[in-house]
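All chains are named by letter (A, B, ...) in the order of the sequence lines, taking the proteins before the strands, and each is independently numbered beginning at 1.
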Protein chains: 2
Amino acid sequence: MAIRPAEQLIHKAAWLYYAHGLRQDQVASQLNISRASVAMYLRKARETGIVNISTSTQLFTDDVLARKLEDALSLDAVWIAPENDHIADPSTEIAVLAASVFLELVKKGDRIGVAWGRTVYMIADVMSYADLQDVTVVQLCGNLGAPYSYRPDQCTMEIARRLNAKGLNFYAPLVLSTEELARALRAEPVIREQLSGVSECDLALYSVGAVDADSHLVKCGALTPNEMADLRSQGAAGVIAGQIIDAEGKVLGCGYNRRVISAELASLRAIARRLVVVQEDSKFEPLLAAIAGGLCTHLVVGAHMAQRLLDHAAATTEKAS
Amino acid sequence: MAIRPAEQLIHKAAWLYYAHGLRQDQVASQLNISRASVAMYLRKARETGIVNISTSTQLFTDDVLARKLEDALSLDAVWIAPENDHIADPSTEIAVLAASVFLELVKKGDRIGVAWGRTVYMIADVMSYADLQDVTVVQLCGNLGAPYSYRPDQCTMEIARRLNAKGLNFYAPLVLSTEELARALRAEPVIREQLSGVSECDLALYSVGAVDADSHLVKCGALTPNEMADLRSQGAAGVIAGQIIDAEGKVLGCGYNRRVISAELASLRAIARRLVVVQEDSKFEPLLAAIAGGLCTHLVVGAHMAQRLLDHAAATTEKAS
DNA sequence: TGCCCAGTTTGACTTTTGTCGAGAGCCGTG
DNA sequence: CACGGCTCTCGACAAAAGTCAAACTGGGCA
């Protein structure tokens, strides 16, 4: 009878089922199809964002700890993923929470900047689908040349796909071999335009990277372990959108940074809502740096990290007084 | 063991089930409660807006007819409820659609003006629950003195309850017996403030009333059938937020209108999004008046009414050319 | 034309979910 | 302190939803 199940039918089935509260067999008889087909359509409707099921993340901000952190670090909002007892995998828990928080922060018509990394990719991976056609997702930094699992463009596109949004990729390498070339490329109209468009974003999503041999920058060959160690001794404290920052959250004045094509930190700071998600406890120092540099307004972390941040803030205040 | 099931538990159950995709029995064993309890918590979570299930209403704007209407009447968006074949009750269908559309239009932080009537109340009644604490719902017009089924304050409060929002009621009668008293009451600071706050709304929801003996204004005793007929012969074309408007959508200069306490039409027009919902085919003329008066930017109607509006618009254009 | 393929549909089966009445803890009251 | 009234909880059953292999469909291709 029909070969294209026609988006139309999926819509109708979803409407009758979710908005009218009919049972699947009732929907089936209304539409003259079998109940099994209805079940399939409904799955598709959920997968494409025609229906949207979201759960409030309030539970995780209601926490006293979260409130204290907001105060201590002057952040707009903090979500804390529990890490106690029998939670299977705390880092997944953080990603799931972050995905929900992200969806809650997105508004229609938004322009969203997305960086890259394992964390961002995990978030994209567990994010549920939504239908936000007038949203644009832009890539905050250049691409990794080598084939690599969590490429910036993959992160951007996957999130855009989940949201049914438009994805704006950025076709330049993240790191070039000379400063001259990087400068020249940044001056290219296409690149220039994309970089200057970053500050017009309404929302940004990124994590922070650690300055060690496990960093993606080392794994993908942008830096050698030795260079990384060097940078560390020069004061490198973390990595944000491919750039090395110092403990105060400022761009570290180093050759590497001058070879990078990425959104300037000032542009990032111009974005009203900056959601930072950190999964690994080992990224304490980088996170502190990002917060110090005002690169974070909304934060999602695990309970353990939250406690460390709070202890640190308390110690700092005490010392100051 | 426990007497308060604690919102906390509902949250956790909802989180594990909807965000993590666990089965109810897995949630039950995580939380050490029976599966039956989990099922109950989940129902509560849906009922209180902790989880939100919404379906896209795009299907109803995608219609060619809807597009044509948007153009012909210069409206921002039109949704058309199908009325063909075996739909049980077209007016319920319109209310369900309107409720979804309304929820789709609400944004966090919004201030929403709500009028009254059977239609508005039906919408409130089928509206699903949401969790929008920073939303305020304000009543657009005074109350009916007599005990009556669809009172303005009921409409306002019910919608506020569904959204978990703050409801702002308006404790003045809709109609007073003398113009002097109405004028004096409007000058009262409390009332004055509420009325002037109307134009600060981001979204308004109302229907239109017909000028006949079936009008709520007659049923509740604010006007006699004879007075109504009189007004009709004076050019009354419809009722909006308790006020009589003429065919051009302007306030009719009549004694009755001067005795009414309600938001001025100019304030309504100052609201960016004005959602008008009409269920009855008999309200063709009042709806035309409302549209003519610029009181409508977003419209939800049945297919039949949509066709009539389009035919009328085409006829008018033809005559003009 | 006839065959194959990719995607859709279906009936039958299994798993998951909703619901109901009974039981149990809590509290104010007589 | 015994008593309903109240709400929460649980086990068991009934209802609904998910799944899978097999049948079917229409279109492209040799």
Problem - Euclidean distance, atom CD1 of residue B/I33 to atom C1' of C/dT17 [Å, nearest integer] - result: 15 Å
Exercise for the section: Would you please confirm or rule out a distance under 4.0 Å between OP1 or OP2 of C/dT8 and any side-chain N or O of A/K44? Expected result: yes
Exercise for the section: Check whether any side-chain heavy atom of A/Y17 lies under 4.5 Å from a side-chain heavy atom of B/T55, and answer yes or no. Expected result: no
Problem - Nearest-Å distance for atom pair CG/P, residues B/L22 and C/dT15 - result: 19 Å
Practice task
State which of C/dT10, C/dG18, D/dC10 makes the closest approach to the side chain of A/S34.
Solution key: C/dT10
Handout entry: Any side-chain heavy-atom pair of A/Y171 and A/V190 under 4.5 Å
Key = no
Exercise for the section: Give me the one residue out of A/L105, A/V138, A/V106 that meets side-chain contact (heavy atoms from CB on, under 4.5 Å) with A/I112. Expected result: A/V106
Practice task
Send over the distance from A/Y18 OH to D/dA16 C1', rounded to a whole Å.
Solution key: 13 Å
Fill in the blank from the handout: Separation of D/dC10 atom P from B/D25 atom CG, nearest Å, is 14 Å
Practice task
Indicate yes or no: does B/R161 engage B/E158 in a salt bridge with an N to O separation below 4.0 Å.
Solution key: yes
Completion exercise
Atom OH of B/Y41 and atom C1' of D/dT9 are separated, to the nearest Å, by 8 Å
Practice task
Check whether any side-chain N or O of B/R43 sits under 4.0 Å from OP1 or OP2 of C/dT19, and answer yes or no.
Solution key: yes
Practice task
Can you figure out which of C/dT19, D/dT19, C/dT8 approaches the side chain of A/A36 most closely?
Solution key: D/dT19
Handout entry: B/W79 and B/H298 aromatic ring geometry - parallel, tilted or perpendicular at 30°/60° bounds
Key = parallel
Exercise for the section: Using a 4.0 Å heavy-atom cut-off across all strands, classify A/R35 as base, sugar-phosphate, or nothing. Expected result: base
Exercise for the section: Specify the separation, in whole Å, of atom CE of B/M40 and atom C1' of C/dG21. Expected result: 15 Å
Problem - Nucleotide D/dA16, atom P - distance to OH of A/Y17 in whole Å - result: 10 Å
Handout entry: Base C/dG18 paired with A/R23 side chain (donor-acceptor, <3.5 Å)
Key = no
Practice task
Kindly say if B/Q24 contacts the phosphate of C/dG18, meaning a side-chain N or O under 4.0 Å from OP1 or OP2.
Solution key: yes
Handout entry: Spacing between A/N32 atom CG and C/dT9 atom P, to the nearest angstrom
Key = 13 Å
Exercise for the section: Quick one: label B/L42 by what it contacts on the DNA or RNA (base, sugar-phosphate, nothing), any heavy atom closer than 4.0 Å. Expected result: nothing
